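Report on the following structure.
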Amino acid sequence: MIAIIDYGAGNLQSVKKALDYIGRQSEITYDKNKISRAERVILPGVGSFGDAMESMRKRGLEETVKNAANGERPFLGICLGLQLLFKESEEREGAVGLDVFGGKIARIPKDTGLKVPHMGWNSISLKQKDGIFKNIPDESYFYFVHSYYLKDAEPETVAAVTQYGVEIQCAVQKDLVAATQFHPEKSSEAGLQILKNFAEV
């Protein structure tokens with residue numbers, strides 16, 4: 001079973017519907033025992049870094065989520081779920097994330113001449129071609145909605161990058177833990193392939 005973590009913030013139903021579509025059993029839950037026993041775990045997210053972490057802590061889920069992302073079983077962060085895997089974000093000073101990966105979450109610069117939030121389809125350049133990116137062609141397009149982005153990640157963990165005025169490290173992957181800034185559940189066939197890969201890894 002795939003546990004979709006409900007910490008009070010996130011577009012959970014779209015992830016579950018995509019998993020249903022590819023024939024994978026999943027459950028939206030905030031039950032710590034169910035998350036701990038799940039074969040695979042997804043951390044989705046939309047909204048703000050600080051509010052999401054506050055909500056996660058209020059539900060007593062912080063340690064459960066960190067343990068789920070310890071590399072012992074498949075774990076996937078989506079959109080804000082990627083950002084929460086880092087220690088801090090420029091979105092809210094003083095807010096502390098899960099600190100699973102090393103890197104910085106910064107605001108997309110306003111001086112690029114591009115609209116913020118970044119909303120729409122972008123192609124990605126693959127740095128890794130295994131794990132969740134197995135059978136994904138380089139320069140495939142995925143759907144993004146975000147104002148903050150990952151930079152300065154540990155090079156060996158960067159799985160894909162895209163360009164939106166600046167280079168955005170849009171996916172990370174290490175061992176069985178992966179995360180994407182884009183929304184695979186909203187990214188047509190390529191996105192469904194990522195979810196299939198995650199369900200089979």
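All values below were derived from every heavy atom in this structure, side-chain atoms included, with hydrogens, water molecules and symmetry-related copies excluded. Everything numeric here is computed off the predicted structure, so don't read it as measured data.
For the pair N122 (side chain) and Q163 (backbone), a donor-acceptor distance under 3.5 Å is present. The backbone N or O of K134 sits less than 3.5 Å from a side-chain atom of N197, completing a donor-acceptor pair. Side-chain atoms of R40 never come within 3.5 Å of backbone atoms of A3 as a donor-acceptor pair (strictly under, hydrogens ignored). In this structure, D175 contributes its side chain and V177 its backbone to no donor-acceptor pair below 3.5 Å. With hydrogens and angles disregarded, no donor-acceptor distance shorter than 3.5 Å links the side chain of E185 to the backbone of A18. A distance-only check finds no donor-acceptor pair linking the side chain of R24 to the backbone of L19 [under 3.5 Å]. Between the side chain of D138 and the backbone N or O of L126, at least one donor-acceptor pair lies under 3.5 Å. Between the side chain of Y148 and the backbone N or O of S48 there is no donor-acceptor pair closer than 3.5 Å. Under a 3.5 Å cut-off, the side chain of S188 and the backbone N or O of A190 do not form any donor-acceptor pair. A distance-only check finds no donor-acceptor pair linking the side chain of Q173 to the backbone of E156 [under 3.5 Å].
A salt bridge links K34 to E27: at least one charged side-chain nitrogen sits closer than 4.0 Å to a carboxylate oxygen.
In this structure, OG1 on T162 lies 7.5 Å from CD1 on I124, to the nearest 0.5 angstrom. In this structure, L84 CG and K66 NZ are separated by 12.5 Å, a value rounded to the nearest 0.5 Å. For the atom pair CD1 (I168) and CD1 (I108), the distance works out to 4.5 Å, reported to the nearest 0.5 Å. Considering NE2 of H183 and CZ of F142, their distance stands at 13.0 Å, rounded to 0.5 Å. Here L80 contributes atom CG and F49 contributes atom CZ; the two are 8.0 Å apart, rounded to the nearest 0.5 Å. The distance from atom CD1 of I105 to atom CD of E88, rounded to the nearest 0.5 Å, is 10.0 Å.
In E39, the CD atom is not crowded: 12 or fewer heavy atoms of neighbouring residues, nucleotides or ligands sit closer than 6.0 Å. Under a cut-off of 6.0 angstrom, the local environment of NZ in K17 is sparse, with at most 12 non-hydrogen atoms contributed by other residues, nucleotides or ligands. Heavy-atom contacts from other residues, nucleotides or ligands closer than 6.0 Å to NZ of K186 number more than 12. Shown here is E200, whose CD atom has more than 12 heavy atoms of other residues, nucleotides or ligands within 6.0 Å.
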Working note: Q83 + Q181, criterion side-chain hydrogen bond (donor to acceptor under 3.5 Å, both in side chains); need CA distance, chi angles, decisive distance, verdict. CA-CA 8 Å; Q83 297 178 17; Q181 183 61 65; 3.0 Å; yes
With side chain to side chain contact (heavy atoms under 4.5 Å, CB included) as the criterion, how do L43 and M56 come out once you've worked through the C-alpha distance, each side chain's angles and the decisive distance to 0.1 Å? CA-CA 11 Å; L43 177 65; M56 193 182 297; 4.2 Å; yes
side-chain hydrogen bond (donor to acceptor under 3.5 Å, both in side chains) between E63 and N67, intermediate numbers included: CA-CA 6 Å; E63 288 305 312; N67 288 337; 5.0 Å; no
Start with the C-alpha distance between I5 and I42, add both sets of side-chain angles, then the distance that settles side chain to side chain contact (heavy atoms under 4.5 Å, CB included), and finish with yes or no. CA-CA 6 Å; I5 297 174; I42 294 179; over 6 Å; no
Under the side chain to side chain contact (heavy atoms under 4.5 Å, CB included) rule, what do Y7 and V65 come out as? Steps first, then yes or no, please. CA-CA 10 Å; Y7 56 93; V65 177; over 6 Å; no
Test side chain to side chain contact (heavy atoms under 4.5 Å, CB included) on T64 and S36; report intermediate values, then the result. CA-CA 7 Å; T64 300; S36 297; 3.9 Å; yes
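Contact of the I136 side chain with the K129 side chain is not registered, since no non-hydrogen atoms from C-beta on lie closer than 4.5 Å. Contact of the C79 side chain with the T180 side chain is not registered, since no non-hydrogen atoms from C-beta on lie closer than 4.5 Å. Looking at P155 and V158, their side chains never come closer than 4.5 Å, going by heavy atoms from C-beta outward. Counting heavy atoms from C-beta outward, F86 and K104 have side chains that stay 4.5 Å or more apart. Residues I78 and V15 are in side-chain contact: their nearest non-hydrogen atoms beyond the backbone lie under 4.5 Å apart.
Residue pairs meeting the salt bridge (Lys or Arg N to Asp or Glu O under 4.0 Å) criterion with at least one partner in residues 42-60, sequence neighbours excluded, are D6-R59, D51-R92, E54-R92, R57-E62.
Both I4 and I22 are assigned to one and the same hydrophobic cluster, defined by single-linkage of ILVMFWY side chains at heavy-atom distances under 4.5 Å. Residues Y21 and F198 share a single hydrophobic cluster, defined by chaining ILVMFWY side chains whose heavy atoms lie under 4.5 Å apart. If you chain together hydrophobic residues whose side chains sit under 4.5 Å apart, M1 and L176 never meet in one group. Both Y30 and I35 are assigned to one and the same hydrophobic cluster, defined by single-linkage of ILVMFWY side chains at heavy-atom distances under 4.5 Å. Both Y141 and M119 are assigned to one and the same hydrophobic cluster, defined by single-linkage of ILVMFWY side chains at heavy-atom distances under 4.5 Å.
Screening Y143, F144, Y164 for a ring-ring contact (aromatic ring centres under 6.0 Å, His included) involving F182 leaves a single residue, F144.
Contact between V116 and P109 at its shortest, heavy atoms only, is CG2-O, 4.2 Å. In terms of heavy atoms, R73 sits closest to V41 at NH1-CG2, 3.6 Å. Of all heavy-atom pairs between A153 and L150, the closest is CB-CD2, 3.9 Å. Here the closest heavy-atom approach between residue A69 and residue V100 is recorded as O-CG1, 3.8 Å.
In this structure, the side chain to side chain contact (heavy atoms under 4.5 Å, CB included) partners of E139, at least two apart in sequence or on a different chain, are S123, S125.
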